[in-house]
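Because the structure is a prediction, the values reported are computed rather than measured. Below, read A as the first sequence line, B as the second, and so on, with proteins coming before strands; counting in each chain starts at 1.
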2 protein chains.
Amino acid sequence: MMTNHPSNTPCAACTSRKFSLFSDLPESQICVISDHKNLISHRKGQILYYEGTKPLGIFCINSGVVKIYKTASNGKEQIIHLAQKGDFLGYAALLGEENYSNSSMIIEDAKICFVPKDVFLSSLLRNSEFFRKVAKSLSHEIGVMEEKLTNATQKSIRERLAYVLLQLGNTYGVEGGGSQKIDVTLSREELAGIVGTATESVIRLLSEFKKDKLIELEGKKIIIKDRRGLARLSDFYGG
Amino acid sequence: MMTNHPSNTPCAACTSRKFSLFSDLPESQICVISDHKNLISHRKGQILYYEGTKPLGIFCINSGVVKIYKTASNGKEQIIHLAQKGDFLGYAALLGEENYSNSSMIIEDAKICFVPKDVFLSSLLRNSEFFRKVAKSLSHEIGVMEEKLTNATQKSIRERLAYVLLQLGNTYGVEGGGSQKIDVTLSREELAGIVGTATESVIRLLSEFKKDKLIELEGKKIIIKDRRGLARLSDFYGG
DNA sequence: TTATTTATATGATATAAATCAGATTTTCTA
DNA sequence: TAGAAAATCTGATTTATATCATATAAATAA
């Protein structure tokens with residue numbers, strides 16, 4: 001039996017699904033998920049879940065942007081990553097049978113589906129290809145985190161900021177007139193949280209990058225003018 | 001059919017297995033693994049695998065200690081973690097269907113079983129409880145890495161070193177006379193690789209900790225004299 | 001709109017930690 | 001066992017970046 005609430009369009013019709021781990025789940029499974037999911041609209045600033053609390057299901061982002069972060073003992077936020085359309089949230093905590101290891105907050109208005117724990121888990125167990133895909137995603141994430149840790153300890157703030165800008169360009173970049181606008185609204189403080197540094201340092205370095213014609217600043221938005229230059233800075237090819 | 005090479009004792013009899021992800025695999029599965037695994041002795045300094053190469057199976061540590069590390073572009077090693085008896089290596093790369101994201105080197109003479117890719121994967125698919133356990137382990141690892149990243153960006157070297165010493169004490173500590181000897185041989189350079197700092201900084205801070213009666217130094221071995229003091233340093237409870 | 005708060009920006013200063021250099025000790029090896 | 005090489009240690013110096021302080025601009029609320 002398949003219910004279909006007005007505000008709850010079926011997963012089969014979801015345009016974000018093709019970007020997600022649900023992408024090639026068989027029709028039958030999709031219907032089960034669809035039947036039990038709950039699509040909720042979130043406004044900027046809302047918290048999806050808090051570190052230390054118990055996961056009751058997983059989130060799948062239909063639209064919007066979410067920051068995943070840990071709050072350090074000095075009160076500063078370390079942003080682990082930004083999640084968008086098609087991304088799953090909270091499945092690591094669920095599979096790890098642990099409380100959330102991080103918190104998540106909406107940074108651009110979002111529509112997010114919630115799929116209850118048992119629906120998600122039984123779907124995994126009933127479909128080993130899906131399970132494998134989820135495991136693949138977890139594994140990939142580990143490699144990404146290893147890279148981030150290595151960068152954090154071995155690279156300078158300047159290098160890391162340049163690298164983060166390039167990455168943001170890859171994910172949120174809108175091309176135009178030979179330059180690339182990073183189309184996501186991040187405060188300087190949040191940018192600092194991604195890089196893992198002080199807000200003032202980010203502001204200072206952005207000014208420097210601007211002076212060096214690597215970027216342009218349009219309010220909160222950053223426009224990348226010279227990807228090659230940033231790439232040179234981000235690595236160790238001179239600098 | 002179960003072969004049993006002289007140097008290749010069956011997994012059913014392996015005393016390290018109870019610490020591993022194989023711990024409650026059913027007898028039938030154990031036999032398959034046992035039949036296809038290969039136990040190899042490794043000497044200190046040997047490389048198990050290199051970052052960027054293709055995983056052909058997984059490693060399960062029977063004895064010894066292995067460091068898992070990434071080499072940064074400045075040539076320095078960031079040690080991701082140390083692995084010991086019962087730990088699995090290389091399964092994330094296998095499940096992620098990617099090349100190794102890190103390298104691994106023996107730091108204390110080790111006996112390590114190699115289980116070929118298809119044997120491991122078919123075992124996973126045939127036993128969903130095992131698969132779930134592996135997924136749980138991957139998920140846990142992600143949380144650990146998030147914590148490490150946050151520490152790396154938000155804590156001082158002094159705090160991180162104190163924290164690393166406590167962790168090493170937990171894993172390798174041998175109690176005796178109110179103090180705890182860290183019974184694993186790490187060079188100062190490797191300790192620096194764990195903390196994510198320069199070798200000289202580690203040496204200097206160890207001297208300082210010694211002066212402050214937090215630890216004692218016996219050649220390469222470190223003896224923790226004051227866990228409480230180190231804990232105070234490692235966190236932000238004054239310092 | 002104006003007032004108030006919050007975010008961004010820039011300068012001055014302090015400091016942790018890297019780097020460079022040299023001495024001593026330990027480990028390796030021929 | 002001697003000699004060479006590597007690791008540890010300590011000191012001096014430099015540098016990147018955090019912190020503190022204050023000004024300006026932008027966002028929000030009254």
Side-chain angles (χ1 to χ4, degrees), chain A residues 43-45 72-78 107-108 150-164 182 184-212 215-223 233-234 236 239, chain B residues 43-45 72-78 107-108 150-164 182 184-212 215-223 233-234 236 239:
Chain A
R43 302 293 298 279
K44 180 173 177 160
S73 43
N74 60 2
K76 286 195 187 173
E77 280 179 11
Q78 175 61 45
I107 61 169
E108 301 220 330
T150 306
N151 283 341
T153 60
Q154 307 294 349
K155 292 196 170 191
S156 69
I157 304 288
R158 178 179 285 101
E159 289 168 325
R160 278 147 61 191
L161 177 59
Y163 188 60
V164 163
I182 297 175
V184 63
T185 306
L186 289 169
S187 68
R188 299 293 187 257
E189 190 175 1
E190 284 169 329
L191 200 45
I194 298 175
V195 174
T197 187
T199 306
E200 297 95 320
S201 297
V202 161
I203 291 172
R204 233 179 280 278
L205 284 167
L206 286 179
S207 300
E208 181 191 312
F209 289 179
K210 182 185 173 186
K211 208 189 62 190
D212 295 344
I215 61 170
E216 269 177 22
L217 300 175
E218 245 180 32
K220 285 204 196 315
K221 295 285 170 71
I222 297 167
I223 295 141
L233 258 191
S234 77
F236 285 96
Chain B
R43 302 293 300 280
K44 181 173 176 160
S73 43
N74 60 2
K76 287 195 186 172
E77 280 180 9
Q78 175 61 44
I107 62 168
E108 301 220 331
T150 306
N151 283 340
T153 60
Q154 307 293 349
K155 291 195 171 192
S156 69
I157 304 288
R158 177 179 287 103
E159 289 168 325
R160 277 147 60 190
L161 177 59
Y163 188 60
V164 163
I182 296 175
V184 62
T185 306
L186 290 168
S187 67
R188 299 292 187 257
E189 190 175 1
E190 284 168 329
L191 201 44
I194 297 175
V195 175
T197 186
T199 306
E200 297 95 321
S201 297
V202 162
I203 291 172
R204 232 179 280 276
L205 284 167
L206 286 178
S207 300
E208 181 190 312
F209 288 179
K210 183 185 172 187
K211 208 188 62 191
D212 295 344
I215 61 170
E216 269 176 23
L217 301 175
E218 245 180 34
K220 285 205 199 313
K221 294 285 170 70
I222 296 167
I223 294 140
L233 259 191
S234 75
F236 285 95

Looking only at heavy atoms, what is the nearest atom pair of [X] and [Y], with distance?
| X | Y | answer |
| --- | --- | --- |
| Leu186(B) | Lys220(B) | O-CD, 3.9 Å |
| Lys221(A) | Ile182(A) | CD-O, 3.3 Å |
| Thr185(B) | Glu190(B) | O-OE1, 4.1 Å |

Straight-line distance of [X] [atom1] to [Y] [atom2], nearest 0.5 Å:
| X | Y | atom1 | atom2 | answer |
| --- | --- | --- | --- | --- |
| Ile194(B) | Tyr163(B) | CD1 | OH | 13.0 Å |
| Arg188(A) | Thr199(A) | CZ | OG1 | 10.5 Å |
| Leu191(A) | Ile203(A) | CG | CD1 | 9.5 Å |
| Thr153(B) | Gln78(A) | OG1 | CD | 3.5 Å |

Every protein N/O lying under 3.5 Å from an N/O of nucleotides 28-30 of chain D:
none

Indicate whether the side chain of Ser73(A) and that of Gln154(B) have a donor and an acceptor atom separated by less than 3.5 Å.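 Their side chains do not contain a donor-acceptor pair, so the 3.5 Å distance test is not met.
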Could you write out each protein N or O paired with an N or O of nucleotides 17-20 of chain C at a distance under 3.5 Å?
{"from": "dA17(C)", "atom 1": "OP1", "to": "Ile157(B)", "atom 2": "N", "distance (Å)": "2.6"}
{"from": "dA18(C)", "atom 1": "OP1", "to": "Thr197(B)", "atom 2": "OG1", "distance (Å)": "2.8"}
{"from": "dA18(C)", "atom 1": "OP2", "to": "Thr197(B)", "atom 2": "OG1", "distance (Å)": "2.8"}
{"from": "dA18(C)", "atom 1": "OP2", "to": "Ser201(B)", "atom 2": "OG", "distance (Å)": "2.3"}
{"from": "dT19(C)", "atom 1": "OP2", "to": "Lys76(B)", "atom 2": "NZ", "distance (Å)": "3.3"}
{"from": "dT19(C)", "atom 1": "O4", "to": "Arg204(B)", "atom 2": "NH2", "distance (Å)": "3.1"}
{"from": "dC20(C)", "atom 1": "N4", "to": "Glu200(B)", "atom 2": "OE2", "distance (Å)": "3.4"}

Quickly work out the [X] [atom1] to [N] [atom2] distance and round it to whole Å.
| X | N | atom1 | atom2 | value |
| --- | --- | --- | --- | --- |
| Ile203(B) | dT24(C) | CD1 | P | 16 Å |
| Glu77(B) | dA7(D) | CD | C1' | 15 Å |
| Phe209(A) | dA9(C) | CZ | C1' | 16 Å |
| Glu208(B) | dT10(D) | CD | P | 12 Å |
| Glu190(B) | dA6(D) | CD | P | 16 Å |
| Glu218(A) | dT8(C) | CD | C1' | 16 Å |
| Leu186(A) | dT8(C) | CG | P | 10 Å |
| Arg188(A) | dT10(C) | CZ | P | 10 Å |

For the backbone of Ala152(A) and the side chain of Arg160(A), can you confirm whether one donor and one acceptor N or O come within less than 3.5 Å of each other?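 Answer holds: yes.
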Under 4.0 Å: is that the gap between some side-chain N or O of Ser207(A) and OP1 or OP2 of dT10(C)?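 Yes, within the criterion.
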Would you say Lys220(B) reaches dT8(D)'s phosphate, i.e. side-chain N/O to OP1/OP2 under 4.0 Å?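 So the side chain of Lys220(B) is within the cut-off, an N or O lying under 4.0 Å from OP1 or OP2 of dT8(D).
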